[in-house]
Amino acid sequence: MFNSLFAGAPVLLASRGSGSPGFIVGPIAKLLGFFYDILFNLIYSFTETGSLILAIILFTLIIKVILMPLTYNQLKGTYRMQKLQPEMNKIRAKYAGKTDEDSQRRLQFELQEFQRENGASSFAGCLPMLIQLPILYALYYIFNQPYEYVGVINEVYSGLANGLLNVDAATRVDVLTPVIQSLNLTQTSFDVSLFDDVLTIVKNMSDTQWSTVISSLGTLGNELTGILAQKQSIEYFFGLNLVSTAGLRFPGIIVPICAGLTTFLSTWYMTKRQQQMTGGGDSQAEQMTKTMNTSMNIVMPIMMGVITINVPVALGVYWSLSNLFSVVQTWLIYKTLGKRDAEGRLVYKDKKDKNKKEQKQSTIVDRNKFNKQ
């Protein structure tokens, strides 16, 4: 359920357009944008070329590190459920072929009691996914409107707006009127002599429109040429405009393909680890789980590939990198859990608290008996 919700988040974002992130996601976007701006400036101080993509890579890694404790607890809970599966299958076997309501109720009760006694939950580890949802929403707006969150990019866009304002009024009207019409901005009254209105136009212009404008301005556009080169140096990575949507054309289509492939890799690896833990099985419940996992391994990658076609390329890159980091993270955590389990050092907090409570209650009873004597 949570995987489907998490995967479906970008399509909801895409449908909202590039407006305000709202009062819930807005503060998160502002906070993440603040930290992203710091990372961007750090990288930009060393290199202008590819600074946006390098900041995305570093930002993704830091997010994964920050969420590491939650991810560890998530996989620890999953690990525990997988270890309990053989015993849970024995409980299911007791009610095999019994479809009456009373038997099914008793089956569910025994399963729940077994999980409770062992400190397990079928919803263990959902918190990291829920936390990543608002992060994903916020990143959509940061990557879709980088000029609102990254100071250097804002300066570049402001420089382009000022460069257009330095062109004589008549020429400026001639070259910007077709742009306004092609951007479907005619419903709003634009005054191309005002900085804010020109800046709004600049924020929405495509590379093709910039080429047309520069060509129309001739020598009058010399001031803009250098600033445009700076803009492209920041925003482009191997021919991909990171702040534009991927689309279906090359090279943009590479991003949805990578998003789909890395999603498949991530879900496939997790499923493989689960099967290794439980050892497979022929029970009805295990067959149903296997069928669901197989379906998820097919549906999720296709879904993410389609979704990332219509969101900023940078978000697709973030998702792909996040999947790759998740595979490495899962491998490291499972290796750690397996080692601790083999050494008998794997202790679950809720199970430990339960044992302490039982010991405390036992001690109280013993003292009462002593006092009666």
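Hydrogens, waters and symmetry mates play no part in the numbers below; they use all other heavy atoms, side chains included.
- By the criterion of side-chain heavy atoms lying less than 4.5 angstrom apart, applied directly or through intervening Ile, Leu, Val, Met, Phe, Trp or Tyr residues, L61 is grouped together with F237 in one hydrophobic cluster.
- Remark: Q108 CD to I91 CD1 distance equals 10.5 Å, nearest 0.5 Å.
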Taking only distance into account, with no hydrogens and no angle test, what donor-acceptor pairs under 3.5 Å do side-chain atoms of residues 159-167 form with protein atoms, sequence neighbours excluded?
from, atom 1, to, atom 2, distance (Å)
N162, ND2, S158, O, 3.2
N166, ND2, N162, O, 3.2
N166, ND2, E223, OE1, 3.3
N166, ND2, E223, OE2, 3.1

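- Checking D100 against S103 by side-chain atom types alone, a donor-acceptor pair falls below 3.5 Å.
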message: As a quick check of understanding, evaluate salt bridge (Lys or Arg N to Asp or Glu O under 4.0 Å) for R340 and E343, giving each step before the final call.
response: CA-CA 5 Å; R340 290 186 177 181; E343 296 173 352; over 6 Å; no
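- With hydrophobic clusters built from ILVMFWY side chains whose heavy atoms lie under 4.5 angstrom apart, L139 does not share a cluster with L31.
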message: Before you tell me yes or no, could you show the steps for D168 and T171 under side-chain hydrogen bond (donor to acceptor under 3.5 Å, both in side chains), namely the whole-Å CA-CA distance, both residues' side-chain angles and the distance that decides it to 0.1 Å?
response: CA-CA 6 Å; D168 65 273; T171 304; 2.8 Å; yes
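- Considering all non-hydrogen atoms of both residues, A246 and T308 come closest at CB-O, 3.6 Å.
- Between F143 and Y318, the two ring planes are tilted [angle within 30° to 60°].
- In summary, the side chains of N154 and Y149 do not present any donor paired with an acceptor at a separation below 3.5 Å, with no hydrogens or angles considered.
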query: Would Y141 and K30 satisfy side chain to side chain contact (heavy atoms under 4.5 Å, CB included), going step by step from the backbone distance to the final call?
result: CA-CA 10 Å; Y141 289 98; K30 188 174 182 179; over 6 Å; no
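- Cluster note: F250 groups with I254 through ILVMFWY side-chain heavy atoms spaced under 4.5 Å, whether in direct contact or through intervening members.
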query: What's the verdict on side-chain hydrogen bond (donor to acceptor under 3.5 Å, both in side chains) for N297 and T267, showing C-alpha distance, side-chain angles and the deciding distance?
result: CA-CA 6 Å; N297 290 346; T267 54; 3.2 Å; yes
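- No side-chain N or O of T262 forms a donor-acceptor pair with one of W319 less than 3.5 Å apart.
- Remark: E101 CD is loosely packed, at most 12 non-hydrogen atoms of other residues, nucleotides or ligands lying under 6.0 Å away.
- With contacts defined as side-chain heavy-atom distances shorter than 4.5 Å, the pair I298/F264 does not qualify.
- In K64, the NZ atom is crowded: over 12 heavy atoms of neighbouring residues, nucleotides or ligands sit closer than 6.0 Å.
- Annotation for V192 and V198: closest pair O-CG2, 3.3 Å, computed over non-hydrogen atoms.
- Using bins of under 30°, 30° to 60° and over 60° for the plane-to-plane angle, the ring pair F59/Y36 lands in the perpendicular bin.
- Between P256 and G305, the shortest heavy-atom distance links the atoms CB-O, 3.2 Å.
- For the atom pair Y95 OH and E110 CD, the distance stands at 3.5 Å (nearest 0.5 Å).
- For the 3.5 Å distance criterion, the side chains of N310 and T245 fail to qualify, holding no donor opposite an acceptor.
- Between L176 atom CG and M205 atom CE the span is 6.5 Å, to the nearest 0.5 Å.
- Formation of a donor-acceptor pair under 3.5 Å by the T47 side chain with backbone atoms of I43 is not found in this model.
- Atom NZ of residue K83 and atom CG of residue D341 lie 4.0 Å apart, to the nearest 0.5 angstrom.
- Put simply, the side chain of F325 does not reach to within 4.5 Å of the side chain of Q329, judged on heavy atoms.
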